[in-house]
Amino acid sequence: MSQVRVRFAPSPTGFFHIGSARTALFNWLYARHTGGVFILRIEDTDKERNSDEFLRLIYDSMRWLGLDWDEGPNPDGPGDRGAFGPYRQSQRADIYQAHLKKLLEAGRAYEKDGAIWFKLLGERYEVFDEHRKKTVTKVKSPPVVIDDQIRGKVERMEDEDFVIFRSDGNPVFHFVNVVDDITMKVTHIIRGEDHLSNTSKHVRLYEGLGAKCPVFAHIPLILKSPEMGQGKMSKRDKGALIEEYQQRDFLPSALVNYLALLGWNGGDDREKMPLAEIVKLFDLPGVNQSNAKFDVKKLAHMNMAYLLELPADKFEQLARDYLAKQKVTAALATEAAYFRDVMQLSQPKIKAIDELPAYTAYFWSDDYPVDDKARAKAVGKGDPKSRLGELIAAMTTADFSSDGAIEETIKHLATAQTLGFGDYQAVARIAVTGTNTGPSITSIFRVLGRERTLARLKRFLASL
RNA sequence: GCCCUCAUCGUCUAUCGGUUAGGACAGGAGAUUCUCAAUCUUCAAAGCGGGGUUCGAUUCCCCGUGGGGGCACCA
């Protein structure tokens with residue numbers, strides 16, 4: 001069998017969202033699985049709504065997700081890669097004209113009301129359409145049968161001629177889509193189920209143009225999560241844009257893994273899988289038929305799982321970039337070793353990189369926010385003044401070289417006062433971090449060092 | 001309104017006629033522990049309804065119901 005050629009064909013008329021990303025991913029996975037070709041085609045025939053900004057966003061999002069294309073526009077400059085270009089519809093006008101000419105000559109297209117219509121084969125009759133409140137011309141023809149790789153056989157009646165060139169001279173989606181797929185030799189069309197009803201038109205166009213139909217595979221749609229409401233996920237929904245996850249520095253590998261699982265499974269219970277494994281297992285029969293609701297929580301969990309196993313130096317770099325982006329300059333100004341220590345404490349504790357600025361604030365400056373509720377709670381029980389006093393005394397001479405040493409010192413102190421470690425931990429934590437959450441108090445002491453730890457403990461004691 | 005499509009825990013899903021209906025996220029409880037996470041153990045949680053077919057249906061068929069999509073000189 002000849003090589004698989006699939007395409008992802010977005011139009012730069014809006015933000016790049018989760019649904020588009022998943023369609024792109026499934027096409028990419030199928031190409032990689034079969035050793036085929038993945039084509040990126042830009043459907044920018046709608047001049048009114050196109051923008052370069054959105055085009056840029058498509059390139060950026062695709063590259064961020066790691067969905068590299070074998071053929072398509074060159075995102076970094078003019079020109080294309082691939083032998084079947086150009087890959088932007090706005091540059092293919094002559095190709096559409098040539099195909100239109102073919103249809104015209106074959107008597108399969110005609111002009112009416114300034115537009116050009118595709119002519120279906122069969123006996124014509126007039127009927128009044130109640131819903132549209134007008135008389136329409138119908139054509140008697142056998143139903144179109146689509147043999148869909150995911151849906152099975154789908155029958156649909158296509159019984160009205162339809163416009164292929166608007167009166168302004170521009171071709172419509174159905175026409176350019178089919179012409180491009182023919183001329184780019186696309187073998188498998190993997191796209192959202194929202195196109196299933198259009199497919200009968202496309203099949204007729206293939207026939208009209210004397211081309212063989214590709215294999216169709218209509219994948220289920222991604223719906224809003226229950227919190228978002230009802231219906232198909234749209235660009236307006238919160239959490240629907242790829243850009244958002246990119247800005248929050250989610251790990252693309254986690255997002256890709258999550259997206260792959262939305263409507264597909266590899267046949268067993270495994271969910272978290274390396275991309276290579278997904279590529280190996282991915283196939284069209286493994287794709288579900290029912291729509292899936294997007295679950296932000298599960299995505300967050302996936303991201304955490306990937307974050308946890310990230311090599312420390314990668315995490316550190318990611319953190320540095322994010323903190324720079326968020327203009328947390330105090331963090332970037334710290335010594336490399338100190339920065340690394342803080343990151344080592346943070347990596348196992350946070351779920352996403354964007355928690356980092358708040359999670360680590362007290363490491364960068366002595367002027368950090370204090371959680372009043374946590375403060376009241378920590379100070380409200382026992383004898384915080386005495387505990388702080390004892391702690392200051394003990395820490396003045398303590399060994400700060402390891403967590404264990406600090407822990408020993410505090411435990412020793414606690415035993416001497418017939419108290420527990422916790423009696424010191426709570427008040428120490430609020431004193432040096434301003435919060436009641438975070439890494440272990442011993443490691444916070446160690447990383448902050450004796451000077452800062454003592455200064456903060458004293459400052460807090462004085463405020464009581 | 002017409003056409004297409006889908007239907008298992010709250011959510012994502014496994015099961016390809018015979019299972020104590022499994023896993024994951026979220027939720028509850030517990031363990032661990034210096035807090036919070038993580039981790040481990042554990043609990044609760046599902047076959048939309050009605051007809052068939054069959055010795056036997058979550059699984060196959062039909063009818064409802066419900067969800068989703070499409071019906072443009074948008075893509």
Side-chain angles (χ1 to χ4, degrees), chain A residues 9-14 43-46 48-50 89 112-117 129-132 143 146 148 150-152 154-160 162-174 176-177 192-201 218 220-223 225-227 230-232 258 261-272 285 288-302 304-305 308 346-351 355 359 374 378 407 410-411 414 420-426 428-430 433 435-444:
Chain A
S11 58
T13 55
E43 305 218 333
D44 54 354
T45 53
D46 185 0
E48 298 287 303
R49 298 196 301 158
N50 282 327
Q89 290 183 335
K112 191 179 93 181
D113 304 331
I116 296 174
W117 299 65
D129 186 311
E130 289 291 342
H131 191 237
R132 284 181 285 176
I146 302 149
D148 193 282
I150 293 165
R151 309 279 152 185
V154 177
E155 271 192 30
R156 194 171 178 281
M157 201 66 79
E158 195 58 49
D159 60 1
E160 278 181 48
F162 52 91
V163 170
I164 51 175
F165 272 75
R166 290 189 286 264
S167 50
D168 64 6
N170 287 311
V172 304
F173 161 74
H174 303 298
V176 294
N177 193 267
E193 197 208 314
D194 48 345
H195 289 293
L196 188 53
S197 299
N198 290 330
T199 305
S200 48
K201 278 190 180 68
H218 286 92
L221 300 178
I222 299 179
L223 271 30
S225 62
E227 311 89 76
Q230 293 269 295
K232 186 169 80 155
Y258 173 73
L261 257 20
L262 219 50
W264 171 84
N265 74 83
D268 57 27
D269 283 341
R270 283 181 304 160
E271 296 200 330
K272 184 167 173 295
N288 299 122
Q289 305 182 332
S290 49
N291 296 339
K293 293 193 173 93
F294 184 72
D295 186 353
V296 198
K297 292 224 178 89
K298 190 151 184 171
L299 169 60
H301 179 267
M302 190 66 84
M304 184 205 68
L308 219 47
S346 306
Q347 183 174 5
K349 309 283 273 185
I350 61 169
K351 284 185 180 240
E355 293 173 13
Y359 195 78
E407 190 176 344
I410 299 177
K411 277 195 172 151
F421 190 102
D423 293 298
Y424 291 92
Q425 182 273 142
R429 184 177 293 280
I430 195 74
T433 73
T435 74
N436 58 358
T437 65
S440 74
I441 193 66
T442 54
S443 52
I444 292 173

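All chains are named by letter (A, B, ...) in the order of the sequence lines, taking the proteins before the strands, and each is independently numbered beginning at 1.
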Legend entry - Atom pair distance, as rounded to whole Å: CZ in A:Phe173 and P in B:A72: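 From A:Phe173 CZ to B:A72 P: 14 Å.
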
Inset, instruction - Could you tell me the separation between the CD1 atom of A:Ile146 and the OG atom of A:Ser200, rounded to the nearest 0.5 Å? - result: 5.5 Å

Inset, instruction - Please round to the nearest 0.5 Å and tell me the distance separating atom OG1 of A:Thr45 and atom CZ of A:Phe173. - result: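 A:Thr45 OG1 to A:Phe173 CZ: 9.0 Å, rounded to 0.5 Å.
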
Is there a side-chain polar atom (N or O) of [X] under 4.0 Å from OP1 or OP2 of [N]?
X	N	answer
A:Lys351	B:A38	yes
A:Arg156	B:C2	no
A:Asn265	B:U13	no
A:Gln289	B:C6	yes
A:Asn170	B:C73	no

Legend entry - Side chain of A:Lys298 (C-beta onward), nearest among B:A75, B:C34, B:G23: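 So the nucleotide nearest the side chain must be B:G23.
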
Inset, instruction - Would you sort out whether A:Leu299 and A:Phe294 count as a side chain to side chain contact (heavy atoms under 4.5 Å, CB included), showing the intermediate values? - result: CA-CA 9 Å; A:Leu299 169 60; A:Phe294 184 72; 3.9 Å; yes

Legend entry - A:Glu193 bridged to A:Arg151 by N-O distance under 4.0 Å: yes

Legend entry - B:U53 - base-pair partner by Watson-Crick or wobble geometry, distances under 3.5 Å: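 Per the H-bond distance test, none.
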
Inset, instruction - Using a heavy-atom cut-off of under 4.0 Å over every strand shown, decide if A:His174 touches base, sugar-phosphate, or nothing. - result: base

Inset, instruction - Mind checking A:Gly263 for me? I need base, sugar-phosphate or nothing, with any heavy atom below 4.0 Å counting as a touch. - result: sugar-phosphate

Legend entry - Footprint string (nucleotides 27-33 of chain B, 5' to 3'): B base within contact, S backbone only, - free, heavy atoms under 4.0 Å: -------

Inset, instruction - Mark up nucleotides 59-68 of chain B, 5' to 3', with B wherever a protein heavy atom is under 4.0 angstrom from a base atom, S wherever such an atom reaches only the sugar-phosphate, and - elsewhere. - result: --------SB

